[in-house]
Amino acid sequence: MPDSTETLFHPAVASWFTRRFPGGPTAPQSAAWPHIAEGSDVLVASPTGTGKTLTGFLVAIDAAYRAAEAGKREGGTPEVLYISPLRALAVDVHENLHVPLSEIREEAARLGYGDPELRVAVRTGDTPPAERAAMRKQSPDLLVTTPESLYLLLTAPSGRAMVRGVRTVIVDEVHTLARDKRGSHLSLSLERLDALVAESGGHLQRIGLSATQRPLDVVARLLSGVHEGRPPTVIIDCGHARDLNVAIELPDSELEAVASGGQFSDILDRIADHTRRHRTTLIFVNTRRLAERVTRHLSERIGGTHIAAHHGSLAKERRLDAEQRLKNGALKALVATASLELGIDIGEIDLVCQLGSP
């Protein structure tokens, strides 16, 4: 880790990062962290896999460790609010935060520093009433939510009391919100949150993250609003282009309006062959029925324990189990419909097959 970054973080946080990422910070992290530490609004545009989640969170985690060491940490309300447009992504970020927080806690103990005992919670439409009640009794330090759940929090007196202490709001996948009324609705919620925080004597810092956002100045205005006198949003542009290897494969026999049994078998043989030659393969289909059919036929070709289906008719627990097995490398292939929300962390994928028209 460069000296400038070492001096930026608490020793426990800096030591953990050096051990965990010996190659040092990524380009968006190096560029964004100093501005985030200064309290500026920051919009980060960088490709998937460049550590955007830590780009947004690590400065806030560091601030909690510094406040705890100085005896100035108040608690009682979340200080960081993470907003995701996807429920699945919100839950995924919640899970991914537990690992670095646990490892930083261990590193702090090794170095002789106290533990601020940071708590993370998810508040979405799927959150059970018992968990929501528990949040009101013992508020988390980092709250992960969706735009719609933030709106509901700002509407209820108990919700407003919970979020009035927020100091940093992180909007992930901000590009998906910039294109429609959902983004307009979120911008209104951000202004309401900003006013609530200001009323409590605080200042709301806004951080936006995305891999594919253009034009950046428009997205920056969505993120930070158009307040007179508010400093302009710092834009960190690390590009978004990725190398792609795309191929179209057709069966050997002449195409017909409806694929024959032989043609369909030929297609499945090719997909099975690709699956064997790659570590992990995603196969997208258009219907739940086709997902089950393809999963059954591929299971006969490559083994039933190595492939699973993912579609909206499956129970939530089965979908989550399939996602976790894919992430852990236990699956060779996953056959999915649009139920597999793009943006969630599903680990390293070597090949993606689209069966039929997208």
Side-chain angles (χ1 to χ4, degrees), residues 47-49 84-92 95 126 173 175-176 179-180 211-212 240-358:
T48 300
S84 164
L86 303 175
R87 291 184 187 181
L89 182 57
V91 175
D92 191 64
E95 294 298 324
D126 292 331
E173 302 296 336
H175 71 280
T176 66
R179 64 193 180 195
D180 53 30
T212 55
H240 67 284
R242 305 192 71 184
D243 293 331
L244 297 176
N245 183 3
V246 181
I248 298 176
E249 296 199 10
L250 301 174
D252 294 329
S253 57
E254 187 175 347
L255 289 177
E256 302 174 6
V258 177
S260 64
Q263 285 182 331
F264 189 67
S265 179
D266 182 23
I267 292 171
L268 291 172
D269 288 340
R270 293 192 185 198
I271 293 177
D273 183 54
H274 283 306
T275 300
R276 295 187 191 96
R277 290 189 286 109
H278 291 83
R279 190 173 68 91
T280 310
T281 301
L282 273 182
I283 303 160
F284 283 109
V285 297
N286 286 324
T287 66
R288 301 168 184 178
R289 180 180 179 183
L290 187 56
E292 291 289 350
R293 182 183 177 194
V294 171
T295 300
R296 177 169 57 83
H297 285 291
L298 288 180
S299 295
E300 296 171 354
R301 288 166 168 80
I302 63 177
T305 60
H306 299 297
I307 186 167
H310 190 295
H311 56 74
S313 292
L314 293 174
K316 174 185 174 183
E317 291 74 19
R318 287 190 61 185
R319 296 198 305 271
L320 292 177
D321 178 67
E323 292 170 11
Q324 196 61 42
R325 290 168 63 198
L326 180 71
K327 186 175 180 179
N328 294 337
L331 289 180
K332 285 284 291 180
L334 182 66
V335 184
T337 63
S339 63
L340 187 67
E341 294 182 297
L342 298 180
I344 66 174
D345 183 1
I346 51 176
E348 296 292 330
I349 303 296
D350 296 313
L351 178 70
V352 177
C353 298
Q354 171 67 48
L355 182 55
S357 60

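- Within the 4.5 Å cutoff, no side-chain heavy atoms of R270 are placed close to those of S265.
- With sequence neighbours excluded, the residues that form a side chain to side chain contact (heavy atoms under 4.5 Å, CB included) with A336 are F284, H310, L340.
- Closest approach of T305 to R325, counting heavy atoms only: O-NH2, 3.3 Å.
- For D350 (side chain) and H278 (main-chain N/O), no donor-acceptor pair under 3.5 Å exists by modelled atom type.
- Separation of atoms CG (D273) and CZ (R301) is listed at 11.5 Å; rounding is to 0.5 Å.
- Side-chain contact, T337 with R288: no donor N or O sits under 3.5 Å from an acceptor N or O.
- Looking at L355 and I267, their side chains come closer than 4.5 Å, going by heavy atoms from C-beta outward.
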Discussion item. Run I307 and V294 through side-chain contact (heavy atoms from CB on, under 4.5 Å) and show every step you take.
Written reply: CA-CA 10 Å; I307 186 167; V294 171; 5.8 Å; no

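- Distance check: H311 NE2 to T287 OG1 gives 9.5 Å after rounding to the nearest 0.5 Å.
- Without hydrogens or angle criteria, K332 side chain to I302 main chain gives no donor-acceptor distance under 3.5 Å.
- Contact of the L351 side chain with the T280 side chain is not registered, since no non-hydrogen atoms from C-beta on lie closer than 4.5 Å.
- More than 12 heavy atoms of other residues, nucleotides or ligands shown are found within 6.0 angstrom of CZ on R276.
- Using a 4.5 Å heavy-atom threshold, the side chains of E292 and R296 count as separate.
- Note that CG of D321 is 8.5 Å distant from CG of L331, once rounded to the nearest 0.5 Å.
- R319 places a side-chain N or O within 3.5 Å of a backbone atom of L314 that can act as its donor or acceptor partner.
- In this structure the side chain of L282 reaches within 4.5 angstrom of the side chain of L326, judged on heavy atoms.
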Worksheet item: When you look at F264 and D269, which way does the side-chain contact (heavy atoms from CB on, under 4.5 Å) test go after all the steps?
Response: CA-CA 9 Å; F264 189 67; D269 288 340; over 6 Å; no

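- At least one side-chain heavy atom of Q354 sits under 4.5 Å from a side-chain heavy atom of N286.
- A322 approaches A309 most closely through the heavy-atom pair CB-O, 4.2 Å.
- Considering only heavy atoms from C-beta on, H274 stays 4.5 Å or farther from T281 through its side chain.
- Here the NZ atom belonging to K327 is positioned 9.5 Å from the CD atom belonging to E323, to the nearest 0.5 angstrom.
- Contact detail for A308 and L334: the closest heavy-atom pair is O-CD1, 3.3 Å.
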